[in-house]
Every structure is written in C-alpha cells, then in structure tokens.
Protein chains: 2
Amino acid sequence: MNENSIERLSKYKSSLQKLKTLGFLKVFSDNLADALGIQSAQVRKDFSLFGISGKKRGGYNVEDLLTSINTILGKDRIENVIIVGCGNIGIALMNYRGFVREKIKIIAGFDIDPSRMAKVEKIPIYTMEKLKDFIHAESVKIAIIAVPDIAAQRVADLLISYGIKGILNFAPIKLKSQGEVVINNVDLIQEIEKVIYYANAMDDDNGKES
Amino acid sequence: MNENSIERLSKYKSSLQKLKTLGFLKVFSDNLADALGIQSAQVRKDFSLFGISGKKRGGYNVEDLLTSINTILGKDRIENVIIVGCGNIGIALMNYRGFVREKIKIIAGFDIDPSRMAKVEKIPIYTMEKLKDFIHAESVKIAIIAVPDIAAQRVADLLISYGIKGILNFAPIKLKSQGEVVINNVDLIQEIEKVIYYANAMDDDNGKES
DNA sequence: TAGATTTTGTGATTTCATTCACAAAAAGGA
DNA sequence: TCCTTTTTGTGAATGAAATCACAAAATCTA
C-alpha cells in the first residue's frame, strides 16, 4: 500500500477509461504496463496488493477492473469537496471541468474577502464564519487549501479541528499532517523549478548522453 | 543528481529564505533536516552531491547556501515562461503572485479562442499563429501547457518543434518527453484522488496504528 | 596549549520499490 | 484427450535511495 501504487492505480484508471470508450472488454497486464511505461509484473503486483485478480491467459475484465479501482480510490460515489481561498487558484479549480468527470464535486468556496462572496458556476462562496457549520451540516471530509502561504497553516488547523480528514494544499508551504489527517502538498513553484533545472541541465551538456 | 534531491533542493531554498528573513546567518544540516522531516545525513549528502560544502562545526552560511542553490536551480536570473491555454488554469497561473517572487516571469499567453486575446495583469495573450515567432524572438525555453487533454499532445509536439526545452503540463494526460526535452506532468485529478483514498483509508481503520 | 565538544563528509549498511523469472492455471488446436 | 501457447501471480534478485555511524576537522574552554 505504498504511495506509488496508489498513484499508479489512478493512472490505470485513466488508461482503462480510454480503453473502455474504444470498446475493449479485456486487458492484459502487458497493455497497461506499456501505457504507463513500466513492467507488467509491476501491474500485477499492484493489483494483487489490492486484492484484484485476473484470469490466467484471459487477462482482466476492463469493466470489473474499473469498478474495483473506483471502489479502492473511493470513487464509487460522488465526493463532496470544499475550497478555502477563492483567489486565482481557488476560482480556477472551481471552474475546472475535469473534476466533474471524476465524480469530484466542489460544493462551496470560502474566503475572508467579502468582495468574493459571489457565485462561480453555481458554486456558492461564503465567509469564513460559515465554515464550521457548513462542514458539519454537509459532513465534508475533503478540503482544498488555496490561500496565501502565510495563512495556510492556520486554515489547515481550523479545517482539522472542524473534522476534515483530507487536505489538498496549494499554498507554497509544507503543511504537516497531524493525527488522522492526510495532507497532500502541491507546490507549483517547485514543479516549475524542476522543469527549469532539467531544461538547463540538458542544455548544458547538449546532445551528450549521460 | 536524482529527481528527489532536486526536489529537496527546492525545499531547502524555501526554508532558507525564511531563515534569512528571520536574520539567521548560519544553519546546520540538522536544522534543515528537521524542517523537511528527513535525516541530517541526507541534507549533507545532497549538498555534497552538488559540490556545496560547509564548515565542520560551523555549519553552512545561509546567504552562500541560497546563492549556490539558486545557481544550481538556474534561478540566479529571471526565467521567461509562456503559457499555452488561457482557460481557468492558465489565467490563474498568469495571475499567480508566487512566481514573481521566484524570478519566474510569465511573458505571454497563447490560445486558439480569439475571445481570450485580451490582457491579464499586463501579460499579453496571442493567437496560436504567433507562437512560433514569439518563441524564436524571445528565445523562450520553458512553457506551461494548460489546454484540454485532447489537445495537449499536439501542443507539446508543436512547442518542442519550436525549440522549447522544458514543459510543465497541467493537462490530465501523461505526455512523453521526446529527445532533449523535459516534461513534468502535474495531474490535479490524481492529486486529489490520493487525498480521497488516504482519507477514506484512515477513516476505515479509525484510530488503529498500521 | 590540551582536552572536550560540535558538526561535517562519506563509506558501509539497511530499507524498500521494481524487475526478473518461472511455476501454475487456463484456453486453444489437433 | 493431450500438447502447445499464453498469461497470471509471486518468490527471488536487483538496484537505488535513505539512514547509520564514525573519522576528521573546526571551534571553544580553561
């Protein structure tokens, strides 16, 4: 149950969805391995880790596999999510079409700035005072943090105290997860710095194999 | 020079910037290790890998360390970046304040939709026809892709053919890097799915240690 | 100056994910 | 029915990254 296998599960799902629309009924570990650029044994190990089994010589049934993966990823039903911080990133995520397809529903936004108490694409935006009651009333378990770094830890602590179990953090600061709460930090600066580093590194030894 | 050490370098930088504003002059591998939740030997190994050395018993000079890391990450000068795709994510990134602090400058946006040929925060947005000339004229090396998944591979191929060396891709599809080009894929769906999975997993065995 | 203490730098060790490799099962063909 | 082929499932081997552990250097103390 390591982090990488969860990540791959997500990628298998995306490949499988494409195969399904193409009318594929079964798939072999080899096919998925090629799609992700890994070894077929890795695919089978991942599946066996999560108790998914196929048929010897028959591969895996695409439909069943998708169902199993969705169940494991908790995507067998719609997941309600809130966003704290309705600046650029927050609003972009509210408008992001990709979530809908994946049964992820942004049900509300929260911000301290009263000028942002509008609606984005039918998603209501509330003041921070409403946060606690909303989380309880709607039993929200997952939140996205898109506030400036200076406010991020405070918001995280608040969310956790209100019962949030999983946080996706876009503030450029590593929030530590306390207790039974997962925090996944996505640092955009860091991601582009990686690109800049490797692009420069490749330019330096241009043409040479490592 | 593995991927993880580059990522950590970026994190050291962010910690060091905070220490600097707090007036710290020197720092020990132990301090940075604590900040990132790793072992001090790891910190020293990373630095030694990049030819950074400290003083025995004196630790590392904060200012010098920052300079070294910035040089390694190619952040000793302003990096010009373009964004292809001016939908929600693209526009959010254009407005994102964090980049400015890190000497990352978004100098233009590109989109097929003519209604988006406006300006965002002084950043001009052009049609795709201008892409080739702009990249050549400004010697742009880094691009961000924020188009729908269906268009992503085509845009990537285009960018590469125009001489782009590094791509940060936000389309929910894994673009394969060909030749001397780095592609870093950030899949937002995948990131939130990870959170949902772990939040559910923790809820299931609530309270139990693994 | 001598001895104690702190911290770096790195070889040795450990840990852990990935790949290899093959037995066992399933399906098809003659 | 029996032989051949295909593909799974998993124990063993590999490889790489993180951690351990300690000698060497630097600074401090008296």
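To find a chain, count down the sequence lines: A is the first, B the second, and so on, and within it residues start at 1. Only heavy atoms go into these numbers, but all of them, side chains included; no hydrogens, no water, no symmetry mates. Predicted model only: the values in this text are computed from it and were never measured.
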Interatomic distance, [X] [atom1] vs [N] [atom2] [rounded to whole Å]:
{"X": "A:Ile52", "N": "D:dT10", "atom1": "CD1", "atom2": "P", "answer": "13 Å"}
{"X": "A:Lys26", "N": "D:dT6", "atom1": "NZ", "atom2": "C1'", "answer": "10 Å"}
{"X": "A:Asn61", "N": "D:dT8", "atom1": "CG", "atom2": "P", "answer": "13 Å"}
{"X": "A:Leu36", "N": "C:dT18", "atom1": "CG", "atom2": "P", "answer": "11 Å"}
{"X": "B:Asn2", "N": "D:dG15", "atom1": "CG", "atom2": "P", "answer": "17 Å"}
{"X": "B:Leu32", "N": "D:dA18", "atom1": "CG", "atom2": "P", "answer": "16 Å"}
{"X": "A:Asn4", "N": "D:dA18", "atom1": "CG", "atom2": "P", "answer": "12 Å"}
{"X": "B:Lys56", "N": "D:dC28", "atom1": "NZ", "atom2": "C1'", "answer": "18 Å"}

What does [X] touch in the nucleic acid at a heavy-atom separation under 4.0 angstrom: a base, only the sugar-phosphate, or nothing?
{"X": "A:Ser40", "answer": "nothing"}
{"X": "B:Asp30", "answer": "nothing"}
{"X": "B:Tyr60", "answer": "sugar-phosphate"}

Ring centroid separation B:Tyr162 to B:Phe134 under 6.0 Å
no
Between the side-chain atoms of A:Lys55 and the base atoms of D:dG9, is any donor-acceptor pair under 3.5 Å?
no
Taking OP1 and OP2 of [N], is either one under 4.0 Å from a side-chain nitrogen or oxygen of [X]?
{"X": "A:Arg8", "N": "C:dT18", "value": "yes"}
{"X": "B:Arg44", "N": "D:dT19", "value": "no"}
{"X": "B:Ser29", "N": "C:dT8", "value": "yes"}
{"X": "B:Gln39", "N": "D:dC20", "value": "yes"}
{"X": "A:Ser48", "N": "D:dG9", "value": "no"}

Quick one: which of [options] gets closest to the side chain of [X]?
{"X": "B:Arg57", "options": "C:dA21, D:dA26, D:dT7", "result": "D:dA26"}
{"X": "B:Phe28", "options": "C:dT10, C:dT7, C:dA24", "result": "C:dT7"}
{"X": "A:Lys45", "options": "D:dG9, D:dG11, D:dT19", "result": "D:dG11"}

So does A:Ile91 get a backbone contact from the side chain of A:Asn95, meaning a donor-acceptor N/O pair under 3.5 Å?
yes
